[in-house]
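For reference, the structure discussed in these notes is given below.
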Amino acid sequence: MNRIPLILDGDPGHDDAIAWVLAAADERFDIRAITTVAGNQTLDKVTYNARRIAALLGLDVPIARGREIPMVGDLIIAPGYHGVSGLDGPSLPEPAGEESELSAVSLMAKVLEESEDKVVIVATGPQTNVGSLLVAHPELKDRIELISTMGGGLRNGNWTSPAEFNILVDPESAYIEYHSGVPLQMCGLDVTEKAMIYPEEWEQIRDMDNKVAKTVAAWLDFFFIHLKELGWDGATLHDPCSILSLSHPEIFTFRDYYVDVEIKGEYSRGATIADYRNVLGREPNCRAVMDVDREKFVELLVEACRSFGGNHE
Ligand code: RIB
Ligand code: CA
């Protein structure tokens with residue numbers, strides 16, 4: 001079986017962490033590198049979290065830190081959702097190996113250059129590293145099979161009315177990405193706010209006799225605290241959509257659109273806007289993920305957690 005080479009780029013972050021659990025659980029994915037970007041918390045914190053997640057999952061892959069700040073403007077962080085550490089809740093193992101001496105962009109470029117097959121980049125934080133890679137290494141664009149990204153929302157935002165957090169933190173990097181010509185799969189809020197798991201559903205994960213499953217349940221407990229205060233009755237699993245829409249496209253609905261990123265608007269900066277009626281006459285630049293079979297989504301998460309029983313202790 002030809003495994004799919006993956007680079008995981010994110011700002012863990014509870015839902016990034018759960019996305020990486022899903023990636024590690026699927027034999028079809030060959031995780032070549034992890035790169036971190038400031039977003040949910042500062043670069044130091046998300047990088048420490050990434051290294052601890054890798055230790056928990058037994059992932060022996062290079063981990064490199066990316067940019068501390070967005071391409072333009074100031075960093076926004078989200079301690080209300082992810083806590084002071086960026087991954088509050090359960091205790092985690094200490095990092096197993098050393099952090100890479102390369103920067104995230106250099107590590108991404110190295111993986112792209114050295115891979116026999118084209119590489120899928122799963123970007124679940126602000127798109128700063130991806131934007132920087134595309135600017136620094138345009139010659140490597142054709143080594144990228146697809147960028148599966150969590151970010152944006154064609155109908156609404158979640159940080160400002162029009163803008164979703166990952167895109168709002170660094171609209172310029174997202175703009176570069178959406179204008180790069182690289183194949184893009186966009187998991188925006190249109191699908192991720194439907195990819196919900198309810199507290200009674202993750203009890204079965206907690207009851208599993210393995211450390212990864214119990215850690216995922218505890219991450220969901222913490223992540224749900226603030227969501228519940230906001231009136232949600234379940235945990236919206238944004239970043240996991242970027243993995244499951246690759247491995248199980250059959251449970252999702254897709255639409256090809258031309259999408260652009262607002263970088264100028266005083267109130268609309270960071271909005272992702274689809275040309276639904278093709279008024280601009282431009283070819284679609286992304287495959288937008290629009291809907292998901294929620295029950296099957298939850299089943300896949302439960303099965304992935306169960307797969308860590310015994311052989312990942
Ligand atoms: O808006 C949701 C996104 O912002 C997710 O990637 C979450 O981890 C945060 O980074
Ligand atoms: Ca994230």
Side-chain angles (χ1 to χ4, degrees), residues 7-23 34-43 45-50 53 65-70 75-89 104 121-131 147-171 173-174 177 185-197 216 219-220 222-227 230 232 234-245 261 269-272 288-289 292 301:
I7 294 172
L8 299 176
D9 178 80
D11 58 340
H14 293 76
D15 53 334
D16 304 74
I18 295 169
W20 295 1
V21 166
L22 288 164
I34 289 174
T35 51
T36 60
V37 59
N40 284 325
Q41 260 297 352
T42 62
L43 185 64
K45 291 182 176 180
V46 299
T47 303
Y48 178 53
N49 293 340
I53 295 163
R65 64 179 58 212
R67 288 175 49 92
E68 281 193 89
I69 54 170
L75 176 63
I76 308 168
I77 58 174
Y81 286 87
H82 301 279
V84 171
S85 73
L87 197 55
D88 280 18
I121 298 176
V122 178
T124 57
Q127 303 296 299
T128 312
N129 292 338
V130 171
I147 301 173
S148 181
T149 172
M150 191 280 138
L154 302 181
R155 304 278 185 210
N156 57 273
N158 65 357
W159 206 262
T160 62
S161 305
E164 177 277 328
F165 178 79
N166 284 343
I167 306 298
L168 181 63
V169 171
D170 192 341
S173 288
E177 183 178 35
Q185 184 159 292
M186 170 191 179
C187 290
L189 299 174
D190 317 279
V191 66
T192 69
E193 289 184 338
K194 298 170 188 163
M196 178 99 71
I197 184 170
V216 167
W219 280 334
L220 287 165
F222 184 87
F223 192 43
F224 185 48
I225 294 169
H226 189 50
L227 286 168
L230 296 175
W232 292 90
T236 46
L237 290 173
H238 305 288
D239 297 336
C241 289
S242 299
I243 296 291
L244 289 182
S245 58
V261 181
R269 179 167 159 80
T272 47
V289 191
V292 62
L301 175 59

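Since we're looking at a predicted model, the values are computed, not measured. Counting convention: from 1, in listed order, for ligands and their atoms alike.
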Checking a contact table here: which protein heavy atom is nearest [atom], and how many Å away?
| atom | answer |
| --- | --- |
| atom 5 (C) of ligand 1 | D15 OD2, 3.2 Å |
| atom 6 (O) of ligand 1 | D239 OD1, 2.6 Å |
| atom 2 (C) of ligand 1 | E164 OE2, 3.4 Å |
| atom 9 (C) of ligand 1 | N40 OD1, 3.1 Å |

| request: Of all the heavy-atom pairs spanning V169 and P171, show the shortest one and how long it is. | output: C-CD, 3.8 Å
Between [X] and [Y], is there a donor-acceptor pair closer than 3.5 Å when you use the side chain of the first and the backbone of the second?
| X | Y | value |
| --- | --- | --- |
| E193 | V191 | no |
| S85 | L87 | yes |
| H82 | H14 | yes |
| N166 | Q127 | no |
| S242 | M150 | yes |

| said: Can you tell me which residue among T47, N49, N129 is in a side-chain hydrogen bond (donor to acceptor under 3.5 Å, both in side chains) with T36? | reply: T47
| query | Can you tell me how far the OG atom of S148 sits from the CD1 atom of I7, to the nearest 0.5 Å? | reply | 13.0 Å
| Every N, O or S from the protein that is nearer than 3.0 Å to the Ca ion (ligand 2) | D11 OD1, D16 OD1, D16 OD2, T124 O, D239 OD2
| request: Check each atom of ligand 1 against the heavy atoms of M150 and keep those under 4.0 Å away; list them by number with element. | output: 2 (C), 3 (C), 5 (C), 6 (O)
| request: Applying side chain to side chain contact (heavy atoms under 4.5 Å, CB included), name anything that partners Y81, two or more places apart in sequence or on another chain. | output: A78, W159, F223, H226, L227, L230
| So which bit of N158 gets within less than 4.0 Å of ligand 1, heavy atoms only: side chain, backbone, both or neither? | side chain
| message | Below 3.5 Å, N or O to N or O, backbone or side chain included: is there any such pair between H238 and ligand 1? | response | no
